[in-house]
Amino acid sequence: MRTLDPDLVLVEAFTDDKKIELHARKGTSEEACPYCGKKSRNVHSVYRNTISDLPVQEKLLTIILERRVFFCKNPECDHARFPETLPFTTRYGRRTIRLDEKIREIALNMSARSAKKVINKGIARISDDTILRILKKQVSCKH
């Protein structure tokens, strides 16, 4: 987990024969507003974010993050609140960036349906439509 973000703190972990579930939060007390850069310690709310990651020892890995939303104290900033930034996923991401890269790597050389079969055998649970969205996102980022 430290390779994803050194500020993550493991709260608890659950494991069984097929999956690992890690509950985590950021260990920092303040966060910089991504819009204006001003730091804040004032927490507005906390929500849970479920993120899938690459498997570990052939077990599916899920990270349940307690993600805080902070008040921006800069009166000139257009945003009153902002969520904690996570370098390993997009703002609304349900997968880590490295999992998306692995899915993209597999799916580039076969059809989405074939890739779905390969990926669902132990890498992640994913639909062929999601695979196509991941591939499409890569193409749109290049243009």
Side-chain angles (χ1 to χ4, degrees), residues 1-72 74 77-143:
M1 211 167 61
R2 293 255 183 229
T3 59
L4 292 174
D5 186 343
D7 293 330
L8 285 180
V9 175
L10 182 64
V11 176
E12 58 185 333
F14 302 98
T15 185
D16 64 28
D17 293 343
K18 296 184 182 185
K19 67 181 183 200
I20 299 170
E21 185 177 284
L22 303 176
H23 291 249
R25 62 178 171 73
K26 275 187 113 174
T28 56
S29 59
E30 66 182 9
E31 185 80 18
C33 175
Y35 308 106
C36 71
K38 183 161 178 74
K39 291 189 177 188
S40 176
R41 291 177 175 257
N42 301 83
V43 177
H44 171 270
S45 57
V46 178
Y47 66 96
R48 285 202 165 86
N49 198 353
T50 303
I51 299 172
S52 298
D53 193 15
L54 290 171
V56 173
Q57 296 178 349
E58 299 180 9
K59 295 180 182 185
L60 296 178
L61 177 60
T62 304
I63 302 167
I64 312 292
L65 282 170
E66 286 182 18
R67 199 165 180 187
R68 297 172 291 184
V69 177
F70 288 87
F71 285 107
C72 182
N74 182 355
C77 184
D78 293 336
H79 297 82
R81 295 176 305 276
F82 62 91
E84 286 179 304
T85 54
L86 301 169
F88 55 90
T89 189
T90 58
R91 182 172 177 182
Y92 300 107
R94 294 182 179 176
R95 293 171 308 279
T96 60
I97 292 168
R98 65 186 185 186
L99 177 58
D100 274 358
E101 288 170 354
K102 182 69 173 175
I103 291 167
R104 193 176 300 115
E105 177 186 311
I106 292 168
L108 279 173
N109 299 315
M110 58 183 75
S111 71
R113 286 191 179 169
S114 297
K116 174 186 165 186
K117 290 176 187 174
V118 171
I119 294 165
N120 282 330
K121 281 189 178 171
I123 297 172
R125 297 286 174 251
I126 195 166
S127 71
D128 48 349
D129 288 333
T130 301
I131 292 169
L132 291 173
R133 277 193 295 278
I134 291 169
L135 291 171
K136 201 183 256 187
K137 191 186 308 180
Q138 179 189 16
V139 172
S140 66
C141 289
K142 287 185 177 181
H143 294 314

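Just so we're clear, the structure is a prediction, and the values are computed from it rather than from any experiment.
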Apply the test side-chain contact (heavy atoms from CB on, under 4.5 Å) to residues I123 and L99: give CA-CA distance (whole Å), side-chain angles for both, the deciding distance (0.1 Å), then the verdict.
-> CA-CA 8 Å; I123 297 172; L99 177 58; 3.9 Å; yes
Are K39 and E31 ion-paired here, with the side-chain N under 4.0 Å from a carboxylate O?
-> no
Does K26 pair with E84 as a salt bridge, N-O distance under 4.0 Å?
-> no
Between the side chains of T96 and D53, does any donor sit under 3.5 Å from an acceptor?
->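 There is such a pair between these side chains.
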Is [X] atom [atom1] crowded by more than 12 heavy atoms from other residues, nucleotides or ligands, each under 6.0 Å away?
| X | atom1 | value |
| --- | --- | --- |
| E58 | CD | no |
| Q57 | CD | no |
| K59 | NZ | yes |
| R81 | CZ | no |

Spacing of T130 atom OG1 and L135 atom CG [to the nearest 0.5 Å] | 11.0 Å
Which value, rounded to the nearest 0.5 Å, describes the distance between T85 atom OG1 and R67 atom CZ?
-> 8.0 Å
Sequence neighbours left out, what pairs pass salt bridge (Lys or Arg N to Asp or Glu O under 4.0 Å) with at least one residue falling in residues 112-132?
-> R113-D128
Output all residues satisfying ring pair (Phe, Tyr, Trp, His ring centres under 6.0 Å) with F88, sequence neighbours left out; order by chain, then residue number.
-> none
In chain order, what residues pass the side-chain contact (heavy atoms from CB on, under 4.5 Å) check against D16, with sequence neighbours excluded?
-> K18, K19
